[in-house]
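No experiment lies behind these values; they were computed from the predicted model shown. Letters A, B, ... mirror the listed sequences (proteins, then strands); counts begin at 1.
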Amino acid sequence: MDIVQDKTAETAKSTPAPGTSDPGKRIRVSTRDVSVFYGEKQAMFDVSIDIPDRSVTSFIGPSGCGKSTFLRCINRMNDTIDGCRVSGVVELDGEDINRPDLDVVELRARVGMVFQKPNPFPKTIYQNVAYGPRIHGMTKNKAELDEIVVSSLQRAGLFEEVKDRLDQPGTGLSGGQQQRLCIARAIATRPEVLLMDEPCSALDPIATAIIEELIDELRENFTIVIVTHSMQQAARVSQKTAFFHLGKLIETGDTEQIFTNPKEQKTQDYITGRFG
Amino acid sequence: MNALFIAALLLVLLGLSYQMGWSRSKKLAAAEGESMHSRPVYHGAFVAIWALLPALVVFGLWALFARSASDNYIISQLPPETSSLAQGEVTSAIQRVKSIASGFGVVGQADPVEAKAAEAYNQFRTLITLGVLAAAAGMGLLGLLWARSRIAKRFRARNEVELAIRIGLIACSAIAILTTLGIALSLIADALQFFSFVQPLDFFFGTSWNPRFQSTGSDAVGEYGLLPLLWGTIMVSGIAMLVAIPVGLMSAIYLSQYADYRVRNVVKPIIEVLAGIPTIVYGFFALVTVGPFLSSAGDLIGIDIRATSALTAGVVMGIMIIPFISSLSEDILHQVPNAMRDGSLGLGATKSETIVNVLVPAALPGIVGAVLLATSRAIGETMIVVLAAGNSPVLRLNPAEPVSTVTVTIVNQLTGDADFTSPQSLVAFALGLTLFAMTLLLNVVALYIVRRFREQYE
Amino acid sequence: MSDITASGEALPSGKNVRELVHQSLGRRHRQETIFKSMGLVAILVALGFVAILFSIMLTKGLPAFWQANLHTQVYFDPDIIKGGPRPVQEAGQSDADYRQQDLAWQRQVTLSNWNAIVEQTVRDVAPDTDAEKRDILAIITSSARFKLRDMYVEDPSLLGQTVPVTLLASADADNWVKGKLARDLPDERQQLSRSSRDLADQLLADGDITFDFATHIFTNVDSRSAPASAGLAGAFMGSLYMMMVVIVLAVPIGVASAVYLEEFAPKNRWTDLIEVNINNLAAVPSIVFGLLGAAVFINYFGLPRSAPLVGGLVLTLMTLPTIIIATRSSLRAVPPSLRQAALGLGASRNQTVFHHVLPLTFPGILTATIIGVAQALGETAPLLLIGMNAFIANIPASPLDSATALPVQIYLWQANENRHFFEARTSAAIIVLLGLMIVLNAIAIVLRTRLEKRR
C-alpha cells in the first residue's frame, strides 16, 4: 500500500472538521482528506471526520457507498487487500497511523474490529477469546489469562451461556452467540477503539437486539464506530452519525440532528427512504 | 478380408440406411401434411443404428473366431496324424499351407497333400468370406428394413436415438468400474494361486525375502517374507514425506500468503514443472547426481552413506512430491474463508501468527488429506526406487543402506519371461494386491477427508 | 476467578496493556521474519531442484548430440567382397524361392571380411600408424561394417569403386577424444589400447575425426553391439503408437463418461460410487495398471507381449481418470443458465449437451487430453511388466510388433555397462523426452488461449 501524505499532522489538527463541535468529548480518531483507490478506481473521496471518545458513531449510507472501506482505513485493514491504496491523514490520538514507522500490529491491538459475518476461529471458545491477549503477550500466567477471558465474555454478555462449555469449539455456537464471541474476542485485547462492520447483518432480530444493548454498554469504556445499513439501528445505538454516498461523506453530526433535521437534501432523501 | 473393404462396406451401409430413413420420413411428412414427432435426421440415425449394429455383431463374431476356424479347417484337410504332432510343428504345418495358399510359396517343392490342402483352404476362405459378407449384409438389411418399417408419424425416433446414445455413454462410464474390478479380480485370482504355493502367514509376516529362481530346481520355492519389502517402502516414503511436507507446505504458505501475484504467476508453474517430469528421469537424476552427492557429503561428516540407498531414493522422491503437496495445500488454504484471516489480522496478529494459529489449523483436515494422497503416491512410486534404492531386500534400520520395496520387487519378479505359473512370478500379484490395498485405503480416507473439508466451507 | 464481578477492574489498565504489547513487538517481528524467510527458503529449494535437475540433464546430455565421426574414402575391394552378382528372379520361380536365393547372396556378402575394408580405410588416412587391426577396429563403431554392407547391397555397382564415407567412431573412441576418460590412467585400466588412443588422437588432430551432429540418435534403433550408433527411432515409434492408441481410446471414452456422469446421471449412491472409484483410480499406482495389463491383456486375452497395442491399452486405462476428471470440471464450469436457455427452447437433454454445452468445453478437453498424453508418455513402470523392456533392434511397423518406448529406452540405457558413454546418451534421451513434453504442453497452452480468445 502506498501512503500519500498530502497533509501534515499539524495542519490536520488545526482545522476541525465541520459538524463535529461537541466540546464535552475528546476527539479520538480524526481523518483529513482520506481517499481510497482500488487500482485505478477511486472508491473514497476526501473524507474528513472526527470521532469522539467513549461514544458510538455510526456510518450509514446505501450499499456500496464506501462506508466499510472507510472503516477499514482506521485500523489499516485495507493493507490486506491487493492493489488498495489510501491517501490522506488518519490520526489516532493525534498520531498519524499511516506513518511508515508505525507498527500496524500495535495499531490493531489498539483499534479492534468486529466483522460483518461472525468469524470465530476453529478453536475452543476459551482459545478464541484468549487468542488476542496470548499473541500480544498481555498476560504473565494462566490465571491472568483466565481472568481476561472471563471478564471479556461477561462484558460481551455471553459468559452465562457458555461458562460450562468453554472447551467446546466456538463454531458450534448460534449466529448471535458467535458474534458476541467475536466481540468478546475483540475487547479481550483492551482496545481503545472498536470498529464494527455491520455486526448484525447476519443475525436475527432477537440476536440483533442483544448486540445493540451490548454496544450501548460498551460505549462507557470504548470508542465505537459502527457501520450499519439499518437507519433504525443507527438511531438506536449511536450518538453521532455520518452519512456516506458514492464514496463521499455527505453529512455528519449528532444522530438526533441527522435524523430529525438533516442539512443536506441527499441525507433527507435517504432517511426518508427516497433511495438506498 | 481387407479391413478397408469392410470399413467401406459399413460406410455404404451407414449412408444408405441413413438416407432411406431420412427420405421415408420426409415422404411421410409430406403425405400426411402435418409434422412428424421427430425430425428426419433422427429417423435417418435410427435406421442407421439398426442397420449397422447387426452387421457389426456379425463382423465381431467373425473376427473372434476366424483364426481358430481356419486353423481347424486346415488341420482337417491335412493327414490325421498331423494333429497329434507337437504344438510347434502343427503351427508350422498350418503356416506352410497358408503361405502356399497366399501364392507366396514355400521353400522347396510343396508336398501334394499340402498343395491340395492349400487349394481347399483357398476355396474355404472364399466361401467363408462370401458367407460372412452375405450374413453381415443380410443382417444389416434386415435391421434396416425393420427399422424403416417402424417410421411413422407418431414414432419417437429422437427418443430412441437418444436412448442409444445414452446407453453408449453409460457403457463408457462403466469402463472405470470395470477397470477397478479388473484390477481387484486379476490381482486376487493370481494372488490366490500364489498362496497355493506359499502360506499367507509366511508371506505377510515373513522376515526373509529370497525367491530362488526356478533354474535351481523345481522344488526350491524360496522364502517370500513381505516385511523387508514393506519396511523398505515405509522407510523410503517416510524420508520422501520428510523432504516434501516442509518444503511443499512452506512453499504453499509463502505463495498464497506472502508472494506478490506477479511472483506467484512465475514461480507456481515452475514448481509444477517438477510434477510433470517422468519418474524415470528422477530415477536417473538420483542415480547419477543425488546418490554420489549424498555419499560424498556423508564422507565429509564421517557417515557411510551408500550411493544407492533408502536415503537417496527418499530424497529424490520427496522432490518429486513437493509440487503435489504444495499445489494441493495451496488450493486448500484458499478455501479457508478470508473472514478467518481478517479476524486474526484485525486483532493485531502478525501474518505468521495468523497462519500458524488460524489458517493452518482451519485447513488442517484438507492438508492431512493432501499428505495422505501424497503418501499413497510415494508408496506406489516405482522407477525412482528401482534405480536408486539399491535393491537389497533385507530388514535394515539404517536409511543409508540399500533397501528394496514392494514396487521394486514387483518389477524384478515379473520382468523377463513371466510364466504365470511359478510362485516366483505369481508373487508379484500378491505384492500388487498388498500395494493396491494400501493405496486404496489411503486414497479413500484422503478423498473422504478432503471432501468433508470442502463441504465445510461451501 | 470467583471474585470477578464486572468491568475491567481485574484487567491490566489500558496504559499497561499498551506497554506490554509494545514490549512484545520486537520478538514477534523477529518471528515473522524467520517464518517468512522459511517460506522463501522453501520456494528457493523447490526452484533450485528444478534448476539443478535441468542443468544436470543439459550438461550431461547435450554433448551426446555431437559424436566423433571419421571422414574417409572407402574402396569396395572386389578381392574381399564375396557373393558375386546379385541374383535376379527368374520366370516361374516362386517368391519364396527367390527370397531364399537373395538372402543366401546377402549372407555371402555379409560373410565378406568387411572389417578388412574398414581397417584399410583407416590406414589410408593414417598410413604411418603402428596400430594393429584390432586396435584400428576398436576406434570405429562395429556397425560400420554393416553400413558398408548395406551400401553395397543397395547398390552392387559400387564394387571396385572408391567413395567418400563417414564412419562413426566407437563409443570408447568417442569418450576418449571428448576427454571423458582420465588420460593418466594406466594401460590396463583403459578401455582402448595405447595405439588405439594414439591413433584416435592423431585422427582428431589431422581433422579426419570431427564432431558432427548425431542425427542417428533420431533415426537409428537401439543397438547393443554398436553402442555408438544406438538411437531412439524404435522407441519413438513405439511411444507414438501407444499415444495413438491412448488418444483414439481414452479421449472419446473419457469424454463420454464425463458427459454421462456430469449431465445425465442421477445423483445417487451408484454415481457416488463411480465418482469415488474414478478419483481412486487416478491415485492408483501406475505399476498396478501394469499388473492388470500382464494378467488380463497378455495372460488372459493372449495379446502379444511387448506390443505397443497392449502398452497403449494399459496407458489408456491409466489416463482415463485424468481425462474424465478434467472434462467434468470444465463441464461444471459451463453456466447452468446456458442449459436452462437451451432446454427452455424445447431442446432435448441430448441436444442441449451435444449442441451447446460440450462445444464450450472443447479447450478444457483439449488441455486434459494433452496433460493425459504427456503423463502417459513419461510412464515407465507398467510397461516393464508387459515386456516392453525387451531389446528390439528394429522399428515396429505396426502396433502389434514388439517395441519399446522412450522412457523404457532411458531405463535400458542407464543400465548399460558402458557408463561413460551411456550416461550422456541417457541424458540425451531424457532431453528428447522432456523436450517432447514441453512441446506438448506449449501446444496445449497456445491452443487453449487461441480457442478461448475466439469466444
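- The side-chain heavy atoms of C:Glu423 and B:Phe284, taken from C-beta on, include a pair separated by under 4.5 Å.
- For C:Arg328, the CZ atom sits in a packed shell: over 12 heavy atoms of surrounding residues, nucleotides or ligands are nearer than 6.0 Å.
- Atom CZ of B:Phe293 has 12 or fewer neighbouring heavy atoms from other residues, nucleotides or ligands inside a 6.0 Å radius.
- Between C:Ala295 and B:Phe429, the closest heavy-atom pair is CB-CE2, 3.6 Å.
- Only the side chain of B:Val273 comes within contact range of chain C, with heavy atoms under 4.5 Å apart.
- With a threshold of 4.5 angstrom between heavy atoms, B:Ile175 approaches chain C through side-chain atoms but not through N, CA, C or O.
- To the nearest 0.5 Å, the span separating CG on B:Leu187 from CG on C:Leu291 amounts to 5.5 Å.
- Contacts between B:Leu435 and chain C at a heavy-atom distance below 4.5 Å involve the side chain alone, from C-beta outward.
- Only the side chain of C:Leu281 comes within contact range of chain B, with at least one heavy atom under 4.5 Å from a heavy atom of that chain.
- If you tally non-hydrogen atom pairs under 4.5 Å between each of C:Ile410, C:Leu44, C:Leu273, C:Ile430 and chain B, the highest count goes to C:Ile430.
- With a threshold of 4.5 angstrom between heavy atoms, B:Ile379 does not approach chain C through any atom at all.
- C:Tyr300 OH: 12 or fewer foreign heavy atoms inside a 6.0 Å radius.
- Heavy atoms closer than 4.5 Å to chain C are found in the side chain of B:Ile322, but not in its backbone.
- Note that the CD1 atom of B:Ile280 and the CG atom of C:Leu412 stand 8.5 Å from one another [nearest 0.5 Å].
- When each of C:Arg419, C:His29, C:Arg349, C:Met437 is checked for heavy-atom pairs under 4.5 Å with chain B, C:Met437 comes out on top.
- Contact of C:Gln375 with chain B is not made at all, since no heavy-atom distance falls under 4.5 Å.
- For a residue to count as touching a neighbouring chain, one of its non-hydrogen atoms must lie under 4.5 Å from one of that chain's; by this rule C:Phe289 touches chain B with the side chain only.
- With a 4.5 Å cut-off on non-hydrogen atoms, B:Val290 does not touch chain C at all.
- Here the side chains of B:Arg451 and C:Val276 are in contact, with some heavy-atom distance below 4.5 Å.
- For the set C:Ile278, C:Ile56, C:Ile298, the entry with the most heavy-atom pairs within less than 4.5 Å of chain B is C:Ile56.
- Using a cutoff of 4.0 Å between basic side-chain nitrogens and carboxylate oxygens, B:Glu353 and C:Arg28 are scored as salt-bridged.
- To the nearest 0.5 Å, the span separating CH2 on C:Trp270 from OG on B:Ser173 amounts to 8.5 Å.
- Between chain B and the options C:Thr33, C:Leu47, C:Val41, C:Ile386, the largest number of non-hydrogen pairs under 4.5 Å is found for C:Leu47.
- With hydrogens and angles left out, the side-chain atoms of B:Thr350 and C:Gln31 include no donor and acceptor closer than 3.5 Å.
- Note: C:Leu53 leads C:Val296, C:Thr426, C:Leu53, C:Leu292 in heavy-atom pairs under 4.5 Å with chain B.
- Using a 4.5 Å cut-off between heavy atoms, B:Val356 contacts chain C through its side chain alone, with no backbone atom that close.
- Both the backbone and the side chain of C:Tyr411 come within less than 4.5 Å of a heavy atom of chain B.
- For chain C, the nearby part of B:Leu387 is the side chain; its heavy atoms alone come within less than 4.5 Å.
- Contacts of B:Tyr448 with chain C are absent, with no heavy-atom separation under 4.5 Å from either backbone or side chain.
- Under a 3.5 Å cut-off, the side chain of C:Asn279 and the backbone N or O of B:Leu447 do not form any donor-acceptor pair.
- Interface remark: B:Phe285 contributes backbone and side-chain atoms alike to the contact with chain C (heavy atom separation under 4.5 Å).
- Counting heavy-atom pairs closer than 4.5 Å to chain B, the top residue among C:Asn299, C:Ile371, C:Val45 is C:Asn299.
- C:Ala374 does not touch chain B: none of its heavy atoms, backbone or side chain, sits under 4.5 Å away.
- Among all heavy-atom pairs drawn from C:Ala381 and B:Thr382, the shortest one is CB-CB, 3.6 Å.
- Distance CD1/B:Ile170 to OG/C:Ser257: 11.5 Å, rounded to 0.5 Å.
- Between the CD1 atom in B:Ile177 and the CG atom in C:Asn277 there is a gap of 4.0 Å [rounded to 0.5 Å].
- In this structure, no portion of B:Phe324 lies under 4.5 Å from any heavy atom of chain C.
- Note that the OG atom of B:Ser251 and the CG atom of C:Leu40 stand 10.0 Å from one another [nearest 0.5 Å].
- Proximity of C:Glu379 to B:Pro278: side-chain heavy atoms (C-beta onward) are nowhere separated by under 4.5 Å.
- Within 6.0 Å of atom CZ in C:Arg99, 12 or fewer heavy atoms from other residues, nucleotides or ligands are found, so the atom counts as exposed in its surroundings.
- Only the side chain of B:Ile355 has a heavy atom closer than 4.5 Å to any heavy atom of chain C.
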